[in-house]
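In what follows, chains are A, B, ... by sequence order, proteins preceding strands, each numbered from 1.
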Amino acid sequence: MTTTEKPDYKVIGTRPIRPDGVEKVTGKALYGADIHLPDLVQGAVLRSPHAHARILSIDTSAAEAMPGVLAVVTHSDLPVVADKVLDMGEGASTASDMSKNVLAADKALYRGHAIAGVAATNVHDALTAIEAIKVEYEVLTPVLNVQDAMRDDAPLLDESRHTRTPSGEESEDASNVAAHNRFEGGDVEAAYAEADVVVEREFDTKMVHQGYIEPHNGTANWNSDGTLTVWTSTQGAFAVRGALAELLQLPVSRIRVIPMEIGGGFGGKIGVYLEPVAALLSRKCGRPVQLTMDRTDVFQATGPTSGGHMKGKLAVKDGKITAAEVSLAFEAGAFPGSPVMAGAMCMLSPYEVENFKVDAYDVVVNKPKVAAYRAPGAPNASFCVEQLIDELARETGADPLQFRLSNSAREGTRMITGVAHPRIGQEETVQAAQASDHYNSPIEGPNRGRGVAGGFWFNAGMQSSVVASVNPDGTVNLIEGSTDIGGTRASLAMQLAETLGIEYDSVRPTVVDTDSVGHNDVTGGSRTAYASGQAVYEAGLDIQQQMVARAAQLWECEAEDVEYADGALRHTSDSEKTMTFAELAGKQMETGGPLQGRGSVVARSPGAAFGVHVVDVEVDPDTGKVDILRYTIAQDVGTAVHPAYVEGQMQGGVVQGIGWALNEEYYYGEDGRMENASFLDYRMPTSLDLPMIDTIIVEVPNPGHPFGVRGVGEVPIVPPLAAIANAVHDATGHRFTELPISPRRVVEELHNLQ
Amino acid sequence: MPRRTHIQTTLNGEEIDFLCEPRQSLLEVLRDELGLTGTKEGCNNGNCGACSVLMDGRVVNSCCVLGVEAEGSEVVTIEGVAEGDTLHPLQQCFLEEAALQCGVCTPGFIVAAKALLDSEPDADEARVRHWLAGNLCRCTGYDKIVRAVLKASEMEEVSA
């Protein structure tokens with residue numbers, strides 16, 4: 001469905017095969033763990049068995065004396081770093097916290113916290129050696145959820161931490177609450193007093209993991225001249241380079257990060273875990289060192305995203321949402337930096353709400369430091385708000401989609417941050433869901449129900465740069481620095497081909513290392529097809545301009561007399577004078593030498609993404625199992641560059657959301673041990689759990705991008721949690737306010753009702 | 001170093017031999033001893049299927065098979081699925097149907113799906129979903145993977 005007339009694109013909107021495709025279906029593509037360097041040695045990391053403990057001493061002497069062991073490192077091998085904030089692209093941390101997370105300093109703050117690293121001639125020797133490291137701990141009481149962490153008498157993770165209050169001041173007493181922020185507008189109390197209906201509930205969610213299939217890896221070679229080369233699977237080679245420069249106190253220019261293929265990230269592969277440890281080990285032993293995590297390490301020491309506690313109170317008057325008061329407290333894990341602010345800023349953004357009061361608490365607990373996860377913070381917060389909206393619609397007898405449409409934000413509507421929406425596709429997206437075959441098909445049968453929910457994500461812009469070299473045969477090499485995590489080589493090559501008016505197959509994209517292209521921010525925030533696409537467009541325009549000048553030179557005319565269109569140059573008044581892109585590409589030597597286009601952008605108008613989901617479920621009252629019968633997602637994508645990859649982003653995000661809603665959770669014992677740190681017990685959806693996921697691509701072009709592209713990847717995970725909870729409510733009459741809506745919970749809660 | 005065992009096996013149609021320690025998994029041998037890194041490690045305990053290979057025509061998680069167990073068997077990895085520069089219909093369909101995003105689970109899915117189509121070329125959607133339930137993908141939501149396998153099954157029927 002297209003809502004605005006689209007230019008007649010030739011490449012954009014087609015579905016070509018990705019340039020890296022053959023290597024990935026034949027097993028030839030090299031991911032981080034696949035690299036084998038000459039003289040490479042392997043390592044292992046010792047991790048804390050305690051969720052909260054003071055580290056009294058570490059004795060590595062026995063391990064160092066073991067056969068095959070080449071080096072052992074601990075936090076004391078890291079330089080002291082300042083409290084400088086490192087913005088990694090999707091989430092910031094101080095260098096000091098990051099350093100303490102990479103290798104624990106005076107305290108182990110979660111089970112799995114790295115304590116020491118070992119390099120040995122093979123991984124088995126390294127694993128044996130870490131067991132010989134003697135660590136003396138003073139075990140402390142762990143703090144495992146936000147309610148406990150926020151109590152006045154709670155054990156403190158860091159005695160020197162105070163709360164940054166809404167006024168910007170520090171709290172008097174030390175606290176596990178790192179920050180409290182507030183958004184306030186209008187008069188909620190007056191709105192509640194006048195309301196037709198007010199609904200109020202509390203909600204809880206658990207930590208969940210990004211669940212990428214490839215475990216983290218990091219390979220480092222530290223030369224004696226102080227240069228460091230790192231091979232890693234990361235969403236942001238430049239972010240890794242910047243973090244390593246701070247953590248290791250090296251000049252940025254001395255570090256070269258080579259991005260390997262990446263086996264999924266979803267936000268979880270932006271921070272550094274193994275890379276600094278591998279670097280320290282390499283410096284100590286003088287050989288390249290490779291570290292890889294096993295799945296237990298991945299669960300216990302990377303990711304996840306926050307669980308938390310939420311309270312919401314919404315009011316309706318004459319069909320309009322008149323007030324929203326929401327309090328969100330999110331787990332940050334061991335160090336500050338939960339995505340609670342993002343959640344707070346997203347959850348009401350699809351709607352026009354005049355009176356609001358939103359509190360956001362960033363709370364440290366003895367669990368792994370959270371990392372970004374696809375629209376970080378927004379799914380949890382929407383789980384709260386979109387269920388309350390469902391209740392308001394029900395209580396007032398309104399159709400849930402019509403209710404959302406009546407309250408939809410549009411161009412000019414201010415979000416709670418005060419920022420007004422530019423041209424957005426929220427209304428069009430709700431209408432697309434309303435018009436879907438799914439929504440217009442009856443849902444029948446016992447224990448079945450239908451739910452809907454909406455969602456918003458900002459999308460990010462940030463910095464991108466590319467270089468495009470024109471070859472004498474008319475092909476183009478595109479040099480880019482954005483990790484390709486799901487098809488951006490293709491979507492960027494397509495945008496360059498469209499800009500130049502040449503064939504998609506004529507553009508060959510390559511993702512290069514940090515020495516070989518200008519800065520590129522992370523592949524995250526749904527930014528790559530949008531922002532790197534804008535850089536690619538500028539590189540294309542640069543080539544066009546240079547080609548026009550060169551054609552004018554050959555034709556001995558003014559540049560104004562030459563036009564570039566459809567991959568050819570034409571003299572505007574002499575129809576005899578035309579040249580194709582390839583013909584001029586073949587005349588580079590006689591027209592001024594090698595032809596390169598450059599594009600360098602700080603993209604500032606990402607254009608927000610909106611999604612509306614419709615889901616049908618069947619609940620088995622005996623086993624508690626919830627089956628997804630049918631799922632439809634409508635989403636405004638601006639312009640779908642590669643529609644199949646757009647659909648893939650939508651489907652993949654939905655299914656992660658389904659896992660979050662129905663099965664996935666970090667399950668902790670009282671001692672702070674995650675008891676389900678394997679793919680068997682942390683159960684992600686399989687092909688057997690799912691139907692096909694139907695997609696409706698809505699295209700309301702983003703005025704902030706030359707082709708109207710909006711970010712696509714993140715917003716699909718925002719609505720599923722609430723959509724499924726709303727569907728389960730429709731099926732059972734019971735509202736589930738705690739995730740996951742697992743068989744155990746369904747059976748328990750339905751049983752308790754009887 | 002533990003004593004290494006001499007193993008003879010057929011790998012992707014070629015008779016080979018290698019030395020391995022008794023504790024080494026077939027996955028470790030393939031990746032670290034034989035340099036075939038197309039087979040991926042996702043969990044190393046049989047839960048994700050990224051390391052799927054065929055042993056005597058059956059799909060196995062190579063992380064749960066010892067290297068020494070390969071003695072006398074026929075092993076096929078992702079590197080042995082295409083014939084020369086001709087992709088297997090599954091590989092072609094995975095590309096055409098956009099059935100991969102990050103691609104790290106893709107070798108395991110293609111190997112597992114090949115085992116299915118080799119024995120059940122008429123497999124329907126329900127059967128494909130059931131068969132592939134041992135392979136985790138976190139990017140695609142499986143929709144396009146299932147479509148790719150069904151499309152490949154049609155191509156195989158045509159060619160049969």
Point to revise | Between B/Thr140, B/Val104, B/Asn44, B/Ile145, the one whose heavy-atom pairs under 4.5 Å with chain A are most numerous | key: B/Val104
Exercise for review: Taking atom CG of B/Asp17 as the centre, report whether more than 12 heavy atoms of other residues, nucleotides or ligands fall under 6.0 Å from it.
Suggested key: yes
Check your understanding: Would you say A/Leu690 and B/Arg129 make side-chain contact, with heavy atoms under 4.5 Å?
Key -> yes
Practice item. Over all heavy atoms of both residues, which pair between B/Asn45 and A/Ser678 is shortest? Give the atoms and the distance, please. Key: ND2-CB, 4.3 Å
Check your understanding: Rounded to the nearest 0.5 Å, how far does CG of B/Leu136 lie from OG of A/Ser687?
Key -> 9.0 Å
Practice item. Take B/Leu95 and A/Lys24 through the side-chain contact (heavy atoms from CB on, under 4.5 Å) test and state the conclusion after the steps. Key: CA-CA 9 Å; B/Leu95 294 178; A/Lys24 285 179 177 165; over 6 Å; no
Revision key, fill the gap. Between B/Cys48 and A/Phe679, the two heavy atoms sitting closest are CB-CD1, 3.8 Å
**Study point:** A/Ile17 side, atom CD1; B/Glu96 side, atom CD - distance, nearest 0.5 Å
**Key:** 5.0 Å
Review point. What part of B/Asp32 lies closer than 4.5 angstrom to a heavy atom of chain A: side chain, backbone, both or neither?
Key: both
Point to revise | Spacing of B/His130 atom NE2 and A/Thr686 atom OG1 [to the nearest 0.5 Å] | key: 9.5 Å
Practice item. For B/Cys139 and A/Phe266, work out which heavy atoms get closest and say how close. Key: SG-CZ, 3.7 Å
Study note, to complete from the structure: Counting heavy-atom pairs under 4.5 Å with chain B, the top scorer among A/Asp125, A/Leu688, A/Asp689, A/Asp34 is A/Asp34
Study note, to complete from the structure: The interface call for A/Ala644 against chain B, heavy-atom contacts under 4.5 Å, is both
Review point. Under a 4.5 Å heavy-atom cutoff, which of B/Arg31, B/Glu79, B/Gln24 has the most pairs with chain A?
Key: B/Arg31
Exercise for review: To the nearest 0.5 angstrom, please state how far the CD atom of B/Glu21 sits from the NE2 atom of A/His124.
Suggested key: 5.5 Å
Exercise for review: Name the member of B/Arg23, B/Glu41, B/Gln92, B/Lys40 that forms the most heavy-atom pairs with chain A at distances under 4.5 Å.
Suggested key: B/Arg23
Check your understanding: Pick from A/His642, A/Glu261, A/Met692: which one has the most heavy-atom pairs with chain B under 4.5 Å?
Key -> A/Met692
Check your understanding: Between A/Arg18 and B/Leu100, is a side-chain contact (heavy atoms from CB on, under 4.5 Å) present by the stated rule, with each step listed?
Key -> CA-CA 10 Å; A/Arg18 55 198 283 175; B/Leu100 62 146; 4.0 Å; yes
**Study point:** Residues, nucleotides or ligands: over 12 heavy atoms within 6.0 Å of B/Glu74 CD
**Key:** no
**Study point:** Separation of A/Asn122 CG from B/Glu28 CD (nearest 0.5 Å)
**Key:** 8.0 Å
Review point. Chain B heavy atoms under 4.5 Å from A/Pro67: which part of the residue, side chain, backbone, both or neither?
Key: neither
Exercise for review: Could you tell me which portion of A/Ile262 (side chain, backbone, both or neither) has an atom closer than 4.5 angstrom to a non-hydrogen atom of chain B?
Suggested key: backbone
**Study point:** Interchain contact, A/Val298 with chain B, by part (heavy-atom threshold 4.5 Å)
**Key:** neither
Review point. For A/Glu647, is it the side chain, the backbone, both or neither that has a heavy atom under 4.5 Å from a heavy atom of chain B?
Key: both
Check your understanding: For the residue pair A/Val655 and B/Gly141, what are the closest heavy atoms and their distance?
Key -> CG2-CA, 3.4 Å
Exercise for review: For the pair B/Gln101 (side chain) and A/Gly648 (backbone), establish whether a donor and an acceptor sit closer than 3.5 Å, ignoring hydrogens and angles.
Suggested key: yes
Review point. Counting heavy-atom pairs under 4.5 Å to chain B, which of A/Gly263, A/Gly659, A/Ala490 comes out on top?
Key: A/Gly263
Practice item. For B/Arg138 and A/Gln656, indicate whether the former's side chain and the latter's backbone hold a donor-acceptor pair under 3.5 Å. Key: no
Point to revise | Distance in Å, A/Ile35 CD1 paired with B/Thr37 OG1, rounded so as to fall on 0.5 Å steps | key: 10.0 Å
Check your understanding: Closest approach of B/Thr106 and A/Val25, non-hydrogen atoms and distance?
Key -> CG2-CG1, 4.0 Å
Point to revise | Contacting region of A/Ile658 [heavy-atom separation from chain B under 4.5 Å] | key: neither
Practice item. Please look at B/Leu132 and chain A and tell me whether the side chain, the backbone, both or neither of the residue comes under 4.5 angstrom of a heavy atom of that chain. Key: both
**Study point:** Region of A/Gln210 in contact with chain B, defined by heavy-atom distances below 4.5 Å
**Key:** backbone
Check your understanding: Is the side chain of B/Tyr142 donor-acceptor paired with the backbone N or O of A/Pro685 at a distance under 3.5 Å, no angle test?
Key -> yes
